[in-house]
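This report concerns only the one structure given below.
We count residues from 1, following the sequence as given. Fair warning: this is a prediction, and the values are worked out from it, not measured in the lab. Heavy atoms only: backbone and side chains are in, while hydrogens, waters and symmetry mates are out. Just so you know, ligand 1 is whichever comes first in the structure, and atom 1 is the first atom listed for that ligand.
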Amino acid sequence: MIPESGASQQVFIAPSELSSKAHIPNLETYKELYAKSVENPEEFWKGLAKEFYWEKQPTGQFLDYNFDVTKGKIYIEWMKGGITNICYNVLDRNVKEKKLGDKIAFYWEGNKPGTSLKVTYNELLQNVCKCANVLREQGVKKGDRVSIYMPMIVELVVAMLACARIGAVHSVVFAGFSADSLCDRIIDSHCSLLITADGFCRGDKQINLKQLADEALNKCKEKNFPVTKCIVVKHLWKTEPSSNDVCAEGPSPLKRICQNLQTPWNAAIDMWWHELMEDASDQCEPEWCDAEDDLFILYTSGSTGKPKGVVHSIGGYMIFTATTFKYVFDYHPDDVYWCTADIGWITGHSYITYGPLANAATSVLFEGLPIYPDESRMWQIIDKYKVSKFYTAPTAIRLLMKYGDEPVKRHSRKSLKILGTVGEPINPEAWLWYYRVVGEERCPIVDTFWQTETGGHVMTPLPGATPLKPGSATLPFFGVVPSILNESGEELEGEAEGYLVFKQPWPSIMRSVYGNHPRFEKTYFRKFPGYYVTGDGCKRDKDGYYWITGRVDDMLNVSGHLLSTAEVESALVEHRAVAEAAVVSHPHAVKGECLYCFVTLKEGRKFSKTLEEELRKQVREKISPIATPDFIQYAPALPKTRSGKIMRRVLRKIARNEKDLGDTSTLADPAVVDQLFTSRCQMFNV
Ligand code: WTA
């Protein structure tokens, strides 16, 4: 969002105390390195790749790619022929080469205050080795896919790294997704094994995750895709508040004492994690993999309604997440870093698991909610662990802002040095509150623009170097070459607005859509041949700063989570009463955007509160509670063009009660619009 005028046009500079110690201390250094990184990307990344352990150095062509669909298949290969293992690099290298085994890798902070754990690099390595041996024992081999459906617990990181250690491909499914969503993802990626947990709590609410996992596996079976192995972490445990942290002194998170809660069990499939782990050896030779072998699949919404399995490969992802983490958060060894994202999203993959561990960082891993048990929880955790780098989402900032400054000021936050945001454009008002109240005007804010597809930060300030403008993701990261195109695909120079694209690959760009390479080419490379198309709109100002303006496709961003309108529409029309549905985005004070749905009913069906509730439930169950519509409006008919295309532009205006609809000459039946304004009034009782 580009502010028109006022305080948010200000430029903010990092305190010299911070800049002078930063890896990139000023804009000139950034510009010099940036120029090198884009003029000779091979040399630039070769230097950084040397910091990692290679069983066999990448000696062949360092980068090979085709970005132009008109010239043949799209492919991107970095360091092909180089042999490595990412798990070895983020754990063994720290323990054995850097002698950092006793350093804390994670402070785990549970949902309820008073439940926490510490995990060192040694402990993490031992547990990952055990888990890797367990997976091998269960027949998981290099290249096999493993689904992971877990809450924010250390075992989730262990499971991911265990897969990586044996060359298996993990597919983490966010624990807030429904059984249907999990089933679709298991089948799409042909997973042979599922790792889950008995359950977890969000605030006071208990989620019986195993029950959802069972439903998903039953659905898989009905669809002729039986999964025969399911490993279950026992996590629901006694969390009576006590004066001391329950497990802080425990030997290992994996040995905590669990309350014996009833877990639905199918002895033919299910195995307890702790039982398998007990007998496993803590020594495990990594599987040495090609830099271009697959590391993981992570699903993201697609405009067809069917989620896309974004595939990332090992080598490029490793060096890019490690490098962005180091420079964007200006990481130093004494930092305590906290990213509040869920590992079920790309932010958690890149900036809780891989990036921080590759740098031997100490992180907070938080299971709970920002305002539970009260609205000062985040600030209390920051003080408890003396967090110096804090990374969260604009939606969380807006939520916390609602409670005013007092809950923030209740805690000192003096350890904080750098703040970050990700997931959606941040409005200058929220940016300024974050800067002034949370960071007390001494902490630069890194507004990081990136995507599941980009693997890591692509447009971002560097905290010691880049002057900040509230609401702008500022400038490209090393190796990233953005451009702004107009509708005809022409590159625009200087101040401009249009489609944000990238002209050449950086190491962690996605390699394919799992099982559907043509969809990868069509989604990202067909519209403007020769470019990677982000799907976001963007403005460049007179200083060359980039401002992301939001999605330009049928995608909407609810609380930083991308959803496609088609996905929600197809969940709605599966209801027996619904004939047709159209979903548009609507502004929301905390979530940024929310879902506004128009539904047309089948003959003889009546719209009612009960139906509305059924539809909400349907979307929650088919997709996830994140996708729950805020508004469902009865639509006697939908506005369509003469060729039958739904005019979402018109629906967006109706949802906002904006009477000026712009050009409606292509509208087949203008009477529909009046009917919709009338039914809108009925819905809001006005
Ligand atoms: C949006 C999340 C503006 C954008 C890492 C992008 C942002 C989509 C920002 C990707 C930001 C993410 N400013 N918009 N700093 N960060 N976005 O795949 O629309 O969940 O395309 O990855 O989020 O969402 P995804």
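Between Phe477 and His457, the ring centre distance reaches or exceeds 6.0 Å. Ring to ring, Phe525 and Phe520 are close: their centroids are under 6.0 angstrom apart.
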Practice task
Verify ring-ring contact (aromatic ring centres under 6.0 Å, His included) between Tyr337 and Tyr331, making sure each step is shown before the conclusion.
Solution key: CA-CA 9 Å; Tyr337 161 84; Tyr331 171 72; 8.2 Å; no
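Scored by the side chain to side chain donor-acceptor pair (under 3.5 Å) test, Thr324 finds Tyr351 as partners (sequence neighbours excluded).
Protein neighbours of ligand 1 below 4.0 Å, counting non-hydrogen atoms: Ile346, Thr347, Val422, Gly423, Glu424, Pro425, Asp447, Thr448, Phe449, Trp450, Gln451, Thr452, Asp536, Ile548, Arg551, Asn557, Leu562.
Aromatic ring orientation, Tyr354 versus His170: parallel (interplanar angle below 30°, classes split at 30° and 60°). Using the six-membered ring where Trp is involved, Phe325 and Phe329 have ring planes that are tilted, between 30° and 60° apart.
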